[in-house]
Each structure stands twice: as C-alpha cells, then as structure tokens.
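One structure below.
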Number of protein chains: 2
Amino acid sequence: MVTMRDVAERANVSIATVSFVINGSKRVAPETRARIEAAIQELNYRRNVVARALASSRTRILALLHPDLESRPNATVIQFVMGAAHGARERGYDLVLWPVNDDEQMSHLLAGGLVDGVLLMEVRISDPRVERLLASGVPFALIGRTEKDDLPYVDIDFAATIELAVAHLRSFGHERIALVTQRTKAQAGHEPGRIMRVESAYLDAIAPLGAPPAIVAVEGTSAGGREAASVLGADFPGSTAVILVNEGASAGLVKGSRALGRRVPEDLSIISAATTRELGEMIEPALTVMAAPAPQLGRLAADALIDQLEGVQDAPPHVLIPCALEPGQSVGPAPVD
Amino acid sequence: MVTMRDVAERANVSIATVSFVINGSKRVAPETRARIEAAIQELNYRRNVVARALASSRTRILALLHPDLESRPNATVIQFVMGAAHGARERGYDLVLWPVNDDEQMSHLLAGGLVDGVLLMEVRISDPRVERLLASGVPFALIGRTEKDDLPYVDIDFAATIELAVAHLRSFGHERIALVTQRTKAQAGHEPGRIMRVESAYLDAIAPLGAPPAIVAVEGTSAGGREAASVLGADFPGSTAVILVNEGASAGLVKGSRALGRRVPEDLSIISAATTRELGEMIEPALTVMAAPAPQLGRLAADALIDQLEGVQDAPPHVLIPCALEPGQSVGPAPVD
DNA sequence: CTGAAAGCGCTTACAG
DNA sequence: CTGAAAGCGCTTACAG
C-alpha cells in the first residue's frame, strides 16, 4: 500500500505539504505542487479514507435509515434509494443502507461515529427515531415529514398532487370522487405522515364539490385493492372516480372493480398517485398515474443533508415536489345516470 | 464523546484491557471484566468504528457495486439489495451502495481502503469489473456468474428453473414452447451471463420434445413485451406456451397477445420466471410465476463474502438456487387444433 | 492476567 | 510557502 509518506519522500516534501495539495487546503508553490502531483501519478497514490476520517472526524458516509423493505413490492422505493446514492456519490459521499427497526440498535449505530449524517425514510407523524436522532446530535434529513415543520425534509407535495388529480377528474365531469389510501398497523399518531396529509388534502380539494367524502384505507396488496373495490361498491356506490394513493393495491382495485361489474373507466375512473408510470402500464387498462418524483427527491434529500454538513445553507431546507400527471386509459367521462 | 480512555480511567485499567474485553480478544480476570463492563454501562460507551478500522485495517464495510438501477422497474432488485444489507448487518457489517459504471472511478474507490469486500451485481459473461477487482486484491463475491466458474458466486439456478418450467408446461400437454428473454445493448461476449445460461438451459430442456426452438429477445419494458407477442405470432405461430425470463416485459406480453386475439391461457400459456409473485398478481390473468429467491441470494452473497473475509471457508462458495413455481392463472391445457 | 508503547495513515494548529 | 509534531481513538505485539 502506498501512503502519503511515500509520496512525500519521492517529492522531497513533508507529508503536511502533500496533504495540502491533495485537499487544496493551503497555498502551495507551483513547482512544489507539480512535483507532488507527479509523485502521486507515478505511485498511483490514493488517500486512505479511513485515516482521513479519523484525523478529520468526518467520514463522508451518509446512512439511509429505513424499516424492513425486503418484502415490499414498492416500485418507488428503489428510485428513492438510488437517487440518494447517486446524489451522495456526486458530492463525494458514500451511502450506507441501515435496515433498522428498534431504536436500541439505532443508538448503537449513531454513537459509533461511522456516519456524518442520516437520511430517514418512512417518517411517521410522530416518530421516535427523530427524537433519537435529535438526541444524538447527528445531522439528518427526512424523506417525508413529521408533525413539526422545523426539521429539514424533502417530500412529495401531496396537497398539490391531490388538487391536480381532482382537477383532472373534474375536467372529465366527475363530482363524486373517492379516496383510497393505505392502512397501517401503526398505532394512532404514529402513522406515516403521508396518509394524514393525503386525507386532509383530499377533503380540501373535494369541498367545493359539495359531495360527501368517501375514504377507504386498505393494505398495500392486491387483496387490499380488491377489498377497496368492494367497500367502495357497498358504502359509496355513487362514486364515479377514485384517487388511489396506495401503489401496491392498484392492480387489485382494477381487478376487483371489474369483478363487481364496474368497468374501468366506463363506470369508474381511477388515478393512481405517487407511483411509477411503468407500474401503471402493467395494468389493463393502463392506469392514469401521477408519477412520484422519487429519483429527484432521493437526490435532493442527499443534497439537503450534505448542505447541512458543509454549512452551505442557513435555514433547514424544505423541499416539496408534486407528482406529475401521466395520462393512461383509466380515466374517462363521468357516466350519466 | 466518551472514549476508551474514559472507560479505562473509570475502571482503573489500561485501555488495552478495555479493548480486550470489548473484543473478547484476550482472557481477562472476572472482577476486572466486571469493572470494565460496569464502566461501559455507566458511561454509555460505544467504540469508535473509524478508529477501530484504522488500527485493525478492517472497516467491516461491504460495498454493493451495481450499474445505474435508478430507472429500472425491477421488483427483484430491491429484494437482492435488502437481502444483502440484512445479511451484512446481522454479521456486524455495513453495506454501502456504489452506483458505478466506468472503471476509472472504480479503481479510485477500491484503493481508498473504505471497504473490506465487494458484492458485484449484474455480472456479465466477460466482465471488466471482475478484472479490476482481481487486480485490486479486494475480496469479492458475485451475484451472477462470469464464464469462469472459479470465483465465488451466488446465482439463480437457471438450468433447474427452466427445466421445472418446461416440465410444468408439459404436464399441461404443451410441446411447442417458446422462450422470451431480454435484449441487451451490450456487445457480444459482454451480455449478462443470465441470458446465455437461460438460452442453453432452454435448448437442453426442449430437446426431448423434438420441436424446433423459438427464442425471442426484447427489451424489458411493456413495449418490449408487446413486440415479443407480435414476433411470436409472426415467426412462431405454432407455439402454445411461453417461458418468459424478462420481468419488465411480462405485462406487455399478455396485453400484446390478447390484442392479437390470443387469449391467455386458452390459446397461449405463460410462465414468468425470475420475478416476484406480487408482480405476477398485478397482471390479468394473474401470472404463473417462478419466484426469484432474491432475498435469500442477497443474504447468501453477503454471507459468502464475509466467510471469505473471515477465513471461514476453504473453497470459493458456489450457491445456486432455483426459482420456485407459484401457480397463477396463466397456464392452461395446450389447445387441441 | 495486565500494562506501556508503538503504530494505523492521515489532518491541522503552530512555528518559522 | 513549508515542516515538525501532536493527535484522531483504537489494536496489537511485546514484556512482565
């Protein structure tokens, strides 16, 4: 292994000077710099990042903290993760994956000094992991939001997304629009913030329509989707359109509706929000989706965290991006009865 | 920050002794050990992993090297990744994501000393990254295989998987079975090994049937799937069943077939291999799939690499697991004409 | 069984 | 503009 000492000897300088040119941290005479750069080239030297981390007490490693994602068929998740990994890489950081659930394990990890900062996914309205993070002093950024708005976050702009979805459906004449979200096993107050935000955005957006709200929460699976279809048929038969914010249930909702004799989109229009175009295309008929800006959000989350680490920014960054409408074949004119 | 020195002082021992009890690396008198453990508790001490890494020249970080996965709607990929992250975590290692394409960047990373070992995804038959890895001396394991069989790898057992698929279709009376794989932009000899292995397994498995082979390669998208449907109809109209090893094309193949008037499964049976049950269920009719053992393979890849790092194993581990058949509604009796 | 000390490969005040 | 030296927080022969 070639070290900084080897480079220094070959260039006839001290290791301090080598460090200065590598980091650009101090002015160095042009000839000296040239000698050092030549030596680095010739020896094919790379600085040891572990030693650098110990000496500078900065590891340039970011952790992505997430619950168990192993079993979930969630197309947007990998886009998030990869977006964050790319964003980090481009700024000279590495991203490590931390599949962590209990917070005992979490405090272990945080105190180890491995990471400079943390990205937190699947944030709950009230999230104990945020408290842990705050207590640990390790900088972090959220993908999603808690109830308090003073922490740095990036998130889907659900209000704008739902508003857009409702506007799109209204332009097709729909007035009775239902919402299908995701049921969670979390206790009250600890649900993903997403669900609460979606519901209140929905209530706001349909208020002008005068029709009563119709909200159904089911599991994020095909079975959940079928359940949603039958609950809609039984409890809200007047609804002519559905906004779905439950990626995993999308196929089941279409299949279930059809099984109950409701054609899509002739009898029931569907918009699937916060998902991917590719997933929508798999379904028959191809769903009109609102594509989650997952790759961008992942990147921006990494950026926000790194800005914070490097003291670039002043206020905690708050980034909101709405989903983009991608018309498919699942939205049609409201049926006249 | 509380250091080992703090613990040593409080327990009235040297830091060496503290190190011994933390690592279990040397026998320590019971009373001394108790004092040290108490001090650790009281101070809530956690060993600094960076310092440990520098001193021991082992970082306990593994890297997952993969091409750009950002855009791909591949349900099995995240299962792989998370499986590997879990496997690593359980053995006290961290997994970092390295989105790397050019190998200039790669040698930079390898020489930095950040990682103890590398997991390589999307392995090509002839893969320059493998040469780089070999040259760098950093231990690694493959997810997939190159042409040479002497490197440690875990992979789907495509031979067994295809054999199983053919047997399943034969039990329904099918004798003319086509194969749909994935087209790649890679130059000859640098394709993913998977494709070559699948094709030769297919040729072996259908040989006893006497029918001529029918192989179609398309892109892993809905459009690709539709293209496969029309090529099959035009070039291989006699085929009554398809084995699909192209997750992204599955929905398109079904839709395209139906659009051409071939019902699934009445006119055409389909098995989708190396995918997930959840993805199969999204499609109408629900596909009969052969589920990729992605979570296990991810875990086993991490295990194989760690075994290697810790000198546990002797021969390079070679792990092959076939996909498991999960019957859906897309396979039926061969039509009689 | 325990400790003093060297060393891992860097960074960073501090002098000059 | 450059260097000598301390220090980051551990591990690990080596003595005793």
Side-chain angles (χ1 to χ4, degrees), chain A residues 1-37 39-40 43-61 92 108-116 309-310, chain B residues 1-37 39-40 43-61 92 108-116 309-310:
Chain A
M1 172 181 230
V2 19
T3 71
M4 201 171 254
R5 163 148 281 106
D6 301 321
V7 174
E9 277 170 10
R10 180 177 257 263
N12 275 310
V13 293
S14 73
I15 61 166
T17 309
V18 175
S19 177
F20 297 151
V21 348
I22 287 180
N23 295 304
S25 48
K26 247 184 187 174
R27 191 160 292 301
V28 172
E31 319 83 80
T32 314
R33 160 188 303 282
R35 265 204 335 276
I36 292 173
E37 279 166 351
I40 288 174
L43 298 173
N44 193 29
Y45 168 72
R46 314 266 185 234
R47 128 162 119 284
N48 180 305
V49 303
V50 177
R52 169 154 98 132
L54 182 60
S56 65
S57 54
R58 309 238 353 241
T59 63
R60 303 185 77 85
I61 297 177
H108 266 272
L109 293 168
L110 288 174
L114 210 215
V115 302
D116 286 349
L309 293 175
E310 299 185 342
Chain B
M1 171 180 231
V2 20
T3 71
M4 201 170 256
R5 164 148 281 107
D6 300 321
V7 175
E9 278 171 9
R10 179 176 258 262
N12 275 310
V13 293
S14 72
I15 60 166
T17 309
V18 176
S19 178
F20 298 151
V21 347
I22 287 181
N23 295 304
S25 48
K26 247 184 189 174
R27 192 160 292 300
V28 170
E31 319 82 80
T32 313
R33 160 187 304 281
R35 266 206 331 278
I36 292 173
E37 280 167 349
I40 289 174
L43 297 173
N44 193 28
Y45 168 72
R46 314 266 186 232
R47 153 175 77 217
N48 180 305
V49 304
V50 177
R52 168 153 99 134
L54 182 59
S56 64
S57 53
R58 308 235 358 238
T59 63
R60 303 187 77 85
I61 297 176
H108 266 272
L109 292 169
L110 289 174
L114 210 216
V115 303
D116 286 348
L309 293 174
E310 301 186 342

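In what follows, every chain begins at residue 1, and chains take the letters A, B, ... in the order their sequences are listed.
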Enumerate the protein-to-nucleotides 13-16 of chain C contacts in which both atoms are nitrogen or oxygen and the separation is below 3.5 Å.
{"unit_1": "dC14(C)", "atom_1": "N4", "unit_2": "Lys26(A)", "atom_2": "NZ", "d": "3.0"}

What nucleotide among [options] has an atom nearest to a side-chain atom of [X]?
{"X": "Ser19(A)", "options": "dT11(C), dG3(C), dA4(D)", "answer": "dT11(C)"}
{"X": "Arg47(B)", "options": "dC10(D), dC1(D), dG9(D)", "answer": "dC10(D)"}
{"X": "Ala29(B)", "options": "dC1(D), dC10(D), dT2(C)", "answer": "dT2(C)"}
{"X": "Thr3(A)", "options": "dG9(D), dT2(D), dG9(C)", "answer": "dG9(C)"}

Set out, in order, the CA-CA distance, both residues' side-chain angles and the distance that settles side-chain contact (heavy atoms from CB on, under 4.5 Å) for Val2(A) and Asn44(A), then state yes or no.
CA-CA 8 Å; Val2(A) 19; Asn44(A) 193 29; 5.9 Å; no
What nucleic acid atoms does [X] come within less than 4.0 Å of, heavy atoms only: base, sugar-phosphate, or nothing?
{"X": "Val49(A)", "result": "nothing"}
{"X": "Ser25(B)", "result": "nothing"}
{"X": "Val50(B)", "result": "nothing"}

Which heavy atom of [X] sits nearest a heavy atom of [Y], and at what distance?
{"X": "Gly113(A)", "Y": "Val49(B)", "result": "C-CG2, 4.4 Å"}
{"X": "Met4(A)", "Y": "Val18(A)", "result": "CG-CG1, 3.5 Å"}
{"X": "Phe20(B)", "Y": "Val28(B)", "result": "CB-CG2, 3.9 Å"}
{"X": "Asp6(B)", "Y": "Met1(B)", "result": "OD2-O, 3.8 Å"}
{"X": "Arg52(A)", "Y": "Asn23(A)", "result": "NH1-OD1, 3.6 Å"}
{"X": "Val50(A)", "Y": "Asn48(A)", "result": "N-OD1, 2.7 Å"}

Is there a side-chain contact between Ile40(B) and Ile22(B) in this structure, where contact means two heavy atoms from C-beta onward sitting under 4.5 Å apart?
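Yes; the side chains approach each other to less than 4.5 Å.
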Please tell me which of Asn12(A) and Ile15(B) maps to the more 5' nucleotide of DNA chain D, matching each residue to the nucleotide holding its nearest heavy atom.
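Counting from the 5' end, the first nearest nucleotide belongs to Asn12(A).
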Which dot-bracket notation, 5' to 3', represents the base pairing of DNA chain D when pairs are defined as Watson-Crick or G-U with both distances under 3.5 Å, crossing pairs as [ ], and inter-strand pairs as |?
|||.||||||||.|||
Could you tell me how far apart [X] ([atom1]) and [N] ([atom2]) are, to the nearest whole angstrom?
{"X": "Leu43(B)", "N": "dG9(D)", "atom1": "CG", "atom2": "P", "answer": "15 Å"}
{"X": "Arg35(B)", "N": "dC1(C)", "atom1": "CZ", "atom2": "P", "answer": "14 Å"}
{"X": "Asn23(A)", "N": "dT12(C)", "atom1": "CG", "atom2": "P", "answer": "7 Å"}
{"X": "Asp6(A)", "N": "dC8(C)", "atom1": "CG", "atom2": "P", "answer": "11 Å"}
{"X": "Leu114(A)", "N": "dC10(D)", "atom1": "CG", "atom2": "C1'", "answer": "14 Å"}
{"X": "Arg46(B)", "N": "dG9(D)", "atom1": "CZ", "atom2": "P", "answer": "17 Å"}

For Leu114(A), is there any backbone N or O sitting under 3.5 Å from a side-chain donor or acceptor partner on Thr59(A)?
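Yes; judged by distance alone, with no hydrogens or angles, the pair exists.
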Can a donor-acceptor pair be found, under 3.5 Å and without considering hydrogens, that links the side chain of Arg35(A) to the backbone of Ala11(A)?
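Flag set: sc Arg35(A) to bb Ala11(A) pair under 3.5 Å.
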Should Tyr45(B) be listed as having a side-chain N or O under 4.0 Å from OP1 or OP2 of dC10(D)?
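Yes, because at least one side-chain N or O of Tyr45(B) sits under 4.0 Å from OP1 or OP2 of dC10(D).
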Side-chain N or O of Asn48(A) closer than 4.0 Å to phosphate OP1/OP2 of dC8(C)
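No, because none of the side-chain N or O atoms of Asn48(A) sits under 4.0 Å from OP1 or OP2 of dC8(C).
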CZ/Arg5(A): more than 12 non-hydrogen atoms of other groups inside 6.0 Å
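No.
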Given Val21(B) and Val13(B), is the side-chain contact (heavy atoms from CB on, under 4.5 Å) satisfied, shown in steps?
CA-CA 11 Å; Val21(B) 347; Val13(B) 293; over 6 Å; no
Do any of residues 51-61 of chain A sit with a heavy atom less than 4.0 Å from DNA chain D, and if so which?
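Contacts with DNA chain D under 4.0 Å: Leu54(A), Ala55(A).
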